[in-house]
Amino acid sequence: GAGRQGISYLYAVRRHDTRVMLWVDRGSGREEETEQIFAALEAEREAIEERFGAHLHWDRSEGRRALWVSSESIGTGYQDPEEDWAEAQE
């Protein structure tokens, strides 16, 4: 986790792509807290993206309890040649 309840780092490896995510979900009945955390992160969006080194996708989908920030897809996954995996790991 990220050291706070309801905030998690995720690393997803799919067949032909990889991405990282920061998942924010404080739980049922605590949607306002989730929104406040996400808003605080989004207020620092420019600095966060600069530090990360790439544009990030900020997902505030209507009707979902969880909110998340994810990287753009990295074009290497588990079905790609093993010699290409280092690209996704960086």
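Position 1 is the first residue of the sequence; numbering continues from there.
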- dist L56:CG -> R19:CZ (nearest 0.5 Å) comes out at 11.0 Å
- Item | Straight-line distance of Y9 OH to L22 CG, nearest 0.5 Å | 6.5 Å
- Query: When you measure from the side chain of T18 to the backbone N and O of V13, does any donor-acceptor pair fall under 3.5 Å?
  - Reply: no
- Query: To the nearest 0.5 Å, what is the distance between CD1 (I7) and CZ (F38)?
  - Reply: 11.5 Å
- Item | More than 12 heavy atoms from other groups under 6.0 Å of CD on Q79 | yes
- Task: Look up atom CH2 in W68 and atom CG in L10, then write down how far apart they are to the nearest 0.5 Å.
- Result: 10.5 Å
- Query: When rounded to the nearest 0.5 angstrom, what is the spacing between CD in E44 and CD in E49?
  - Reply: 12.0 Å
- Assess whether atom CD of E83 is packed by more than 12 heavy atoms of other residues, nucleotides or ligands within 6.0 Å. yes
- Quick one: closest heavy-atom pair of L67 and E35, and the distance? CD1-OE1, 3.6 Å
- Message: Taking salt bridge (charged side-chain N to carboxylate O under 4.0 Å, His left out) as the definition, give me every residue that meets it alongside E31, ordered by chain and number, with sequence neighbours left out.
- Response: none
- Euclidean distance, Y78 OH relative to W85 CH2, rounded to 0.5 Å: 11.0 Å
- Name the one of R64, R65, R30, Q5 that satisfies side chain to side chain contact (heavy atoms under 4.5 Å, CB included) with D25? R65
